Q: 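There's a structure below that I have some questions on.
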Amino acid sequence: MIKLLGKPVAEEIQENVRERVNQFVKKFHRAPQLAVVLVGNDPASVIYTRRKGETARILGMDHKTIAMAETSTPSEVKAIVDQLNKDPSVDGILIQRPLPKGFVEDEVLYWVAPEKDVDAFHPINAGKLYLGLPAFLPCTPAGVMALLKYYQIDPSGKTACVIGRSSIVGKPMANLLLQANATVLHCHSKTPDLRKMTKQAEIVIVAAGKMGLFDESYFRDGAE
């Protein structure tokens, strides 16, 4: 297996984003703004949200976090998101997951306007991705594609095995690889004889969310 380090890729992406922010400022005479809606005080979500803000500011963007109590109702949170959708100074909106009990994810997916849905969760953006149309990309699959590009690993003509079928990672990951002309084996935790599938692949991407599914015997020599 080949180990791909993410730090140099992240640094290159940040430099690119910093330049794009500068171009945005010159064109619109303001910095682009990211708004994050945080409901509750889940420790991991609080840290993750804070880091998003820190990174946005380092790159020259404006950022605000709307922190709401865990007891906030879905209608109260949706009202805040509706305000952000209408605010012309807000360019991107994230609703931090996980949300407290009582929120229905199939409804929340529709709350952020597609043109501000930088998580790419809205069904319109998911559909654009499926059709290969320009759209926001989910961050983890986009990051994997950036890793492959940085290390000059061209998926075209290769067999890629994706393990995981979530709408956030697994499904868009398989779609992006298809668009890059890979032959995709799409598997999950219920796939029988998973080892047989992964051994065929030159590129293996694991997004199953389960510990201990694999050992070295699952991968062919030289797999990436």
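In what follows, residues are counted from 1 in the order of the sequence shown. What you see is a predicted model, and the numbers here were worked out from it, not measured in a lab.
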Q: Just how far is it from atom NZ of Lys199 to atom OH of Tyr218, taken to the nearest 0.5 Å?
A: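 OH of Tyr218 is found 11.0 Å from NZ of Lys199.
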
Q: Following the transitive rule for hydrophobic clusters with a side-chain heavy-atom cut-off under 4.5 Å over Ile, Leu, Val, Met, Phe, Trp and Tyr, establish whether Met145 and Val9 coincide in one cluster.
A: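 Result: yes, single cluster for both.
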
Q: How about Arg30: does its CZ atom have over 12 heavy atoms from other parts shown lying under 6.0 Å from it?
A: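 Yes, enclosed.
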
Q: Is there a side-chain contact between Pro141 and Leu129 (heavy atoms, below 4.5 Å)?
A: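 The answer is no, as the side chains (C-beta and beyond) never meet within the 4.5 Å cut-off.
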
Q: Leu99, Val77: one ILVMFWY side-chain cluster at the under-4.5 Å cut-off?
A: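 Yes; tracing contacts between hydrophobic side chains, which count when under 4.5 Å, links both residues.
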
Q: Could you state the interatomic distance from CD (Gln14) to CZ (Arg18), rounded to the nearest 0.5 Å?
A: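 Output value for this atom pair is 6.5 Å.
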
Q: Measure the shortest side-chain to side-chain distance between Thr65 and His63 over non-hydrogen atoms and say whether it is less than 4.5 angstrom.
A: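 Yes. Closest side-chain heavy atoms under 4.5 Å.
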
Q: Of all heavy-atom pairs between His186 and Gly164, which one has the smallest distance, and what is that distance?
A: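 The answer is NE2-O, 2.7 Å.
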
Q: Going by ring pair (Phe, Tyr, Trp, His ring centres under 6.0 Å), name the residues that satisfy it together with Tyr110, two or more places apart in sequence or in a different chain.
A: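 His122.
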
Q: Heavy atoms, side chains only, cut-off 4.5 Å: are Lys64 and Gln33 in contact?
A: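 In short, these two side chains touch, coming nearer than 4.5 Å.
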
Q: So, Asp62 side chain and Pro32 main chain: donor-acceptor pair closer than 3.5 Å or not?
A: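 Here the side-chain-to-backbone pair does not exist.
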
Q: State, with a plain yes or no, whether a side-chain heavy atom of Thr183 is found less than 4.5 Å away from one of Lys158.
A: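 No; the side chains remain at least 4.5 Å from each other.
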
Q: Do the charged groups of Glu54 and Arg51 touch, with an N to O distance under 4.0 Å?
A: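 No, no charged N to carboxylate O under 4.0 Å.
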
Q: Under 4.5 Å between side-chain heavy atoms, hopping through other hydrophobics if needed: is there a path connecting Val90 to Phe136?
A: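 The answer is no; the residues belong to distinct hydrophobic clusters.
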
Q: Keeping the roles fixed (side chain from Asn85, backbone from Val112), state whether a donor-acceptor pair exists under 3.5 Å.
A: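 Side chain of Asn85 to backbone of Val112, a donor-acceptor pair under 3.5 Å: no, none is there.
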
Q: Is it true that the side chains of Ser89 and Asp87 contain a donor and an acceptor less than 3.5 Å apart?
A: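 Yes, Asp87 and Ser89 have a side-chain donor paired with an acceptor closer than 3.5 Å.
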
Q: A side-chain contact here means heavy atoms from C-beta on lying under 4.5 Å apart; do Tyr151 and Leu5 qualify?
A: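 Tyr151 vs Leu5: side chains touch.
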
Q: Measure from the side-chain N and O atoms of Ser72 to the backbone N and O of Ala69, and report whether any donor-acceptor pair falls under 3.5 Å.
A: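 Side chain of Ser72 to backbone of Ala69, a donor-acceptor pair under 3.5 Å: yes, one is there.
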
Q: Say you draw a straight line from CD of Glu105 to CD of Glu107; how long is it, rounded to the nearest 0.5 Å?
A: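 Between atom CD of Glu105 and atom CD of Glu107 there are 10.0 Å.
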
Q: Mark yes when over 12 heavy atoms from residues, nucleotides or ligands other than Lys52 sit less than 6.0 Å from its NZ; otherwise mark no.
A: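 Check passes, neighbour count above 12.
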
Q: For the side chain of Glu76 and the backbone of Thr73, is there at least one donor-acceptor N/O pair under 3.5 Å apart?
A: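 Present.
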
Q: Would you mind reporting whether Leu84 and Ile66 have side-chain heavy atoms less than 4.5 Å apart?
A: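 Ile66 vs Leu84: side chains touch.
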
Q: Measure across Gly102 and Pro74 and return the closest heavy-atom pair with its distance rounded to 0.1 Å.
A: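 For Gly102 versus Pro74, the nearest heavy atoms are O-CG, 3.5 Å.
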
Q: Before giving the answer on side chain to side chain contact (heavy atoms under 4.5 Å, CB included), spell out for Glu19 and Glu15 the whole-Å C-alpha distance, their side-chain angles and the decisive distance to 0.1 Å.
A: CA-CA 6 Å; Glu19 178 56 34; Glu15 187 58 37; 5.6 Å; no

Q: Is Phe28 isolated, or which residues cluster with it under the ILVMFWY side-chain rule of less than 4.5 Å, directly or via members?
A: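 Taking Ile, Leu, Val, Met, Phe, Trp and Tyr as members, Phe28 shares its hydrophobic cluster with Phe24.
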
Q: Only counting residues at least two apart or in another chain, list the ones meeting side-chain contact (heavy atoms from CB on, under 4.5 Å) with Ser217.
A: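 Ser217 satisfies side-chain contact (heavy atoms from CB on, under 4.5 Å) with Arg195, Asp215 only.
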
Q: Identify whether NZ of Lys or CZ of Arg in Lys101 sits under 6.0 Å from the centre of the six-membered ring of Phe103 and within 45° of that ring's axis.
A: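 The answer is no, since Lys101 fails at least one limit relative to Phe103.
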
Q: Once you round to the nearest 0.5 Å, how far does CG of Leu34 lie from NZ of Lys116?
A: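 If I round to the nearest 0.5 Å, the distance is 11.5 Å.
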
Q: Carefully, step by step, assess Ile205 and Ile163 under the rule side chain to side chain contact (heavy atoms under 4.5 Å, CB included).
A: CA-CA 6 Å; Ile205 297 169; Ile163 300 107; over 6 Å; no

Q: When hydrophobic residues are tied together by side-chain contacts of less than 4.5 Å, even through go-betweens, does Leu137 share a cluster with Val17?
A: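 Shared cluster, yes.
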
Q: CG/Leu4 to CG/Leu147 distance, rounded to the nearest 0.5 angstrom?
A: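 So the CG of Leu4 and the CG of Leu147 are separated by 6.0 Å.
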
Q: Compile the donor-acceptor pairs under 3.5 Å between side chains in residues 35-45 and protein atoms, sequence neighbours left out, one pair per line.
A:
from: Asp42; atom 1: OD2; to: Ala44; atom 2: N; distance (Å): 3.4
from: Asp42; atom 1: OD2; to: Ser45; atom 2: N; distance (Å): 3.0
from: Asp42; atom 1: OD2; to: Ser45; atom 2: OG; distance (Å): 3.1

Q: Could you please spell out the steps behind the salt bridge (Lys or Arg N to Asp or Glu O under 4.0 Å) verdict for Lys78 and Asp82?
A: CA-CA 6 Å; Lys78 186 178 184 301; Asp82 288 342; 3.2 Å; yes

Q: To check you understand the geometry: which heavy-atom pair defines the closest contact between Pro138 and Ala120, and what is its length?
A: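 Answer, listing the atom of Pro138 first, then Ala120: N-CB, 3.6 Å.
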
Q: Compile the donor-acceptor pairs under 3.5 Å between side chains in residues 167-178 and protein atoms, sequence neighbours left out, one pair per line.
A:
from: Asn175; atom 1: OD1; to: Gln179; atom 2: NE2; distance (Å): 2.6

Q: Treating Arg97 as the side-chain partner and Ile95 as the backbone partner, does any N or O pair qualify as donor plus acceptor under 3.5 Å?
A: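 At least one qualifying donor-acceptor pair exists.
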
Q: What distance do Ile124 atom CD1 and Leu109 atom CG have between them, rounded to the nearest 0.5 Å?
A: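 It is 12.0 Å, given to the nearest 0.5 Å.
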
Q: Side chains of Ile93 and Val118: closer than 4.5 Å at any heavy-atom pair?
A: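 No. Closest side-chain heavy atoms not under 4.5 Å.
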
Q: Do Phe219 and Leu185 sit in the same hydrophobic cluster, where Ile, Leu, Val, Met, Phe, Trp and Tyr count as joined when their side-chain heavy atoms come under 4.5 Å apart?
A: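 Different clusters.
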
Q: Mind listing the closest non-hydrogen atom pair of Val25 and Ala31 along with its distance?
A: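 Smallest heavy-atom distance, with atoms named: CG2-CA, 3.8 Å.
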
Q: Residues two or more places apart in sequence or in another chain: which of them pass ring pair (Phe, Tyr, Trp, His ring centres under 6.0 Å) with Phe121?
A: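 Phe121 satisfies ring pair (Phe, Tyr, Trp, His ring centres under 6.0 Å) with no residue once adjacent residues are dropped.
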
Q: Just so I know, are the side chains of Ile153 and Ile203 near enough to count as touching, which here means a heavy-atom distance under 4.5 Å?
A: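 Of all side-chain heavy-atom pairs linking Ile203 with Ile153, at least one is under 4.5 Å.
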
Q: Check the pair Phe214, Leu194 against side chain to side chain contact (heavy atoms under 4.5 Å, CB included), reporting the backbone distance first and the verdict last.
A: CA-CA 9 Å; Phe214 310 97; Leu194 192 56; 3.4 Å; yes

